[in-house]
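If you scroll down you'll find the structure; I have some questions about it.
Along the sequence shown, the residues carry numbers beginning at 1. Note that the structure is predicted; figures quoted are calculated from it, not measured.
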Amino acid sequence: RIGLETNDYNKIEELTVYTAQLNSQWTDAFSTELRYSRKETDTQQLPLGGLSVGQVDVTVNDMPGVLPGAGNAQFRYGADINRHDNYLNVKVDTIEAIARYHMGIHDFMVGLRTEQDDVFNVFVANSLGTYTFSSYANYLNRVASGFTLTGGVDPNGGTVPATLGTARLGAASFGYRLTSAYAEDRIQVLPNLDVLAGVRLDTYSMDDMPTYNSAFASRNGFSNQQNLDGKYVVLPRVSFNWKPTDRLRVSGGFGGFSSTGLNVWVSNAFSNNGVNQTNAICTGANLTNVDITKAPTGCTFTPRGGNTNVISPSFQIPVTWKGNLSVGYEFDLGRFGDGWLVQADYVRMSNQNALYWTDLRAKQIGTAPDGRPVYGRNTIGDTTGNSYDLMLANTDKGGSESYAITIAKEWNEGFLEGLGGKFIYTHTESTDANPMTSSIAQSSYTRFASSNVQNPAAATSDYEIRDRFAFD
């Protein structure tokens with residue numbers, strides 16, 4: 001298949017950031033920090049040929065110049081289906097207050113941070129439609145072999161004729177607040193040993209909910225209006241730094257870490273609620289004498305007739321538990337110089353409540369000869385216009401182990417003064433149940449290898465770099 005220039009696109013990103021910070025030293029032992037920031041990110045993906053024509057796929061085995069045996073030769077033009085209307089605006093307002101106090105061998109720190117995220121996301125794949133033509137002759141004669149379309153509709157309306165370019169009616173608009181309270185104490189146990197212990201509490205509050213989908217409820221027995229409200233996670237951490245001699249350093253730690261980048265996954269549940277973003281029903285549509293800038297006569301949109309993404313009612317915030325140990329020694333190599341650092345590092349990470357997608361409409365109907373489950377479609381409830389109900393869920397599968405060796409040297413005298421270098425070798429073994437490589441739920445659900453996509457086992461991660469060599 002050959003894609004023409006109009007199937008490519010430009011990605012435009014604009015970032016605007018405002019910050020203000022007040023640092024106050026009240027006494028020799030007590031200080032505070034007060035911070036405010038606003039970050040706005042504006043992202044567009046614009047087809048090079050504009051938004052007048054959706055995607056067009058033409059089989060051209062009968063076109064002059066195409067050689068016999070060329071397979072299923074095709075060309076594609078028009079706006080790529082994922083860029084028919086693709087716009088994202090995210091505003092993040094953050095206020096943070098930190099207090100530090102020194103008392104004897106203790107350095108205390110407490111903080112409170114609150115972040116308001118407001119998201120407006122327009123992403124309705126295929127909202128300009130996709131026409132397919134089974135031959136070049138049919139393309140010239142405007143006889144299509146197929147047409148698909150997804151659009152935005154009024155969730156309170158009824159069935160209407162399907163039209164192109166209605167993505168804005170299917171946009172996702174929502175906000176949530178993430179509040180973090182944290183405290184830590186760094187203790188200078190010995191002149192050459194300090195220990196840090198702390199804890200962080202992240203709490204989500206959210207008033208917005210996805211539009212209710214009665215058809216989804218009829219199929220699955222629960223509402224699609226799950227959100228992040230009331231979700232929280234407690235993240236304890238402890239670490240130490242020990243220098244037994246002038247040349248030997250040992251450090252390590254253990255703790256829980258949680259990503260705050262849930263916007264894209266949450267957005268799927270708001271935009272793909274199956275109500276105001278729906279698939280066109282084109283039964284009996286006229287595919288002759290077609291106009292590729294319009295939907296065929298006979299195609300209709302019906303609210304509650306779309307594919308659905310939903311957050312699991314039992315959804316929990318993902319956490320990665322990380323432990324590390326580092327040992328470094330500076331060698332004196334005589335004529336080759338002093339200060340040669342050789343360091344060994346070990347890092348182990350384990351997933352808790354990692355993310356994956358599962359299809360609520362998938363139903364096991366058999367078992368393959370090699371033992372893999374075979375799935376069909378569940379037909380319970382109202383399935384009109386619906387192909388799948390993808391649910392964002394959690395799994396504890398997956399983790400990683402890394403070993404690293406570092407050799408480093410800096411010259412501070414002689415003719416090599418100012419020269420330095422570092423060699424690092426890292427070996428990593430990493431697994432996950434679903435790499436979640438796409439912001440689109442269906443892509444993340446289907447585009448990875450698994451013997452059981454509904455309940456994937458931990459396997460080698462897409463992000464693993466088994467052996468890495470670095471010179472600096």
Sub-3.5 Å donor-acceptor pair from the side chain of Thr132 to the main-chain atoms of Gly146, do we have one?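 Here the side-chain-to-backbone pair exists.
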Sequence-distant partners of Ser205, side chain to side chain contact (heavy atoms under 4.5 Å, CB included), two or more places apart: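 Scan of Ser205 (side chain to side chain contact (heavy atoms under 4.5 Å, CB included), adjacent residues dropped) gives Arg177, Asp229.
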Could you report the tightest heavy-atom contact between Phe147 and Cys282, atom names first, then the distance?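 Scanning both residues, the minimum pair turns out to be CD2-SG, 3.9 Å.
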Please tell me whether Asn138 and Ser134 have a donor and an acceptor in their side chains that are separated by less than 3.5 angstrom.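 The criterion, which ignores hydrogens and geometry beyond distance, is satisfied for Ser134 and Asn138.
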To the nearest 0.5 Å, tell me how far Ile81 CD1 sits from Asn86 CG.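 Atom-to-atom, Ile81:CD1 and Asn86:CG are 11.5 Å apart.
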Ring centres under 6.0 angstrom apart (Phe216, Phe222):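 Yes, close enough.
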So which atom in Ala458 and which in Gly398 form the shortest heavy-atom distance, rounded to 0.1 Å?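 Of all heavy-atom pairs spanning Ala458 and Gly398, the closest is CB-N, 4.0 Å.
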Using modelled atom types and a 3.5 Å cut-off, is there a donor and acceptor pairing between side-chain atoms of Thr59 and backbone atoms of Gln74?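 Side chain of Thr59 to backbone of Gln74: no pair is present.
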Pairing residues for Pro435 by the side chain to side chain contact (heavy atoms under 4.5 Å, CB included) criterion, not counting sequence neighbours: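 With neighbours one apart ignored, the set is Asp432, Thr437, Phe448, Asp462, Tyr463.
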Any side-chain donor-acceptor pair under 3.5 Å between Ser387 and Asn279?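 Asn279 and Ser387 do not have a side-chain donor-acceptor pair below 3.5 Å.
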Would you check if there is a donor-acceptor pair between the side chains of Asp345 and Gln343 at a distance under 3.5 Å?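 Short answer, yes.
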Residues Thr428 and Glu464: side-chain donor-acceptor under 3.5 angstrom: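 Their side chains do not contain a donor-acceptor pair, so the 3.5 Å distance test is not met.
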Look at the side chain of Asn126 and the backbone N and O of Thr130, then say whether any donor-acceptor pair between them is shorter than 3.5 Å.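 It does hold such a pair.
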Atom pair CG (Asn272) and OG (Ser267), whose distance is rounded to the nearest 0.5 Å: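 One finds 8.0 Å between CG of Asn272 and OG of Ser267.
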Do Asp382 and Arg219 sit within salt-bridge range, that is, some charged N less than 4.0 Å from a carboxylate O?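 No, this pair does not count.
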Is there a donor-acceptor contact under 3.5 Å linking the side chains of Lys322 and Asn324?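 No, Asn324 and Lys322 have no side-chain donor paired with an acceptor closer than 3.5 Å.
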Carefully, step by step, assess Thr150 and Gln277 under the rule side chain to side chain contact (heavy atoms under 4.5 Å, CB included). CA-CA 7 Å; Thr150 301; Gln277 188 175 136; 4.0 Å; yes
Please list, chain by chain and in numerical order, all residues satisfying side chain to side chain donor-acceptor pair (under 3.5 Å) with Asn394, sequence neighbours excluded.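 Asn394 satisfies side chain to side chain donor-acceptor pair (under 3.5 Å) with no residue once adjacent residues are dropped.
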Surrounding CG of Asp207 (heavy atoms of other residues, nucleotides or ligands, distance under 6.0 Å), is the total greater than 12?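 Atom CG in Asp207 is not crowded, with 12 or fewer foreign heavy atoms closer than 6.0 Å.
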Search all heavy atoms of Ile311 against all heavy atoms of Asn227 and return the closest pair with its distance.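 Looking at all heavy atoms of both residues, the closest pair is CD1-CA, 4.2 Å.
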Ile12, CD1 atom: more than 12 neighbouring heavy atoms under 6.0 Å: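 Yes - once you tally the heavy atoms of other residues, nucleotides and ligands closer than 6.0 Å, there are more than 12.
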Looking only at non-hydrogen atoms, find the nearest pair between Val310 and Ala269 and report the distance.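 Taking every non-hydrogen atom into account, CA-CB, 4.3 Å.
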Is atom CZ of Phe471 surrounded by more than 12 heavy atoms (other residues, nucleotides or ligands) closer than 6.0 Å?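 More than 12 heavy atoms, drawn from other residues, nucleotides or ligands, come within 6.0 Å of this atom.
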Can you tell me how far CD of Glu401 sits from OG of Ser430, rounded to the nearest 0.5 angstrom?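 It is 10.5 Å, given to the nearest 0.5 Å.
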CH2/Trp357 to CD/Gln442 distance, rounded to the nearest 0.5 angstrom?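 Going from CH2 on Trp357 over to CD on Gln442, the span is 11.5 Å.
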Determine, for Arg76 against Asp57, whether the closest basic-nitrogen to carboxylate-oxygen distance falls under 4.0 angstrom.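 Salt bridge present between Arg76 and Asp57.
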We want to know whether Glu96 and Tyr36 form a side-chain donor-acceptor pair, criterion being a heavy-atom distance below 3.5 angstrom.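 Per modelled atom types, Glu96 and Tyr36 side chains form no pair under 3.5 Å.
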Let me see the working for Ser258 and Leu235 under side chain to side chain contact (heavy atoms under 4.5 Å, CB included), right down to the final yes or no. CA-CA 8 Å; Ser258 181; Leu235 304 169; 4.0 Å; yes
Among side-chain atoms of Asn224 and Thr308, is any donor-acceptor pair under 3.5 angstrom?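 The answer is no; no qualifying pair exists.
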Is a donor from one side chain sitting under 3.5 angstrom from an acceptor on the other, for Tyr87 and Asp42?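 Yes, Asp42 and Tyr87 have a side-chain donor paired with an acceptor closer than 3.5 Å.
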Is a salt bridge present between Arg361 and Asp389, judged by a nitrogen-to-oxygen distance below 4.0 Å?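 The answer is no: the pair does not qualify as a salt bridge.
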Salt bridge Asp370-Arg372, side-chain N to carboxylate O under 4.0 Å: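 Salt bridge: yes.
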Distance (rounded to the nearest 0.5 Å) between Ser271 OG and Phe174 CZ: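 Separation between the atoms: 8.5 Å.
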Distance-only polar pair, side chains of Arg200 and Ser180, donor-acceptor under 3.5 Å: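 Per modelled atom types, Arg200 and Ser180 side chains form a pair under 3.5 Å.
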Roughly how far, to the nearest 0.5 Å, is CZ of Phe123 from OG of Ser439?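 With rounding to 0.5 Å, OG (Ser439) is 6.0 Å from CZ (Phe123).
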Heavy atoms from other residues, nucleotides or ligands near CG of Leu15 exceed 12 (cutoff 6.0 Å):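 Count over threshold, so yes.
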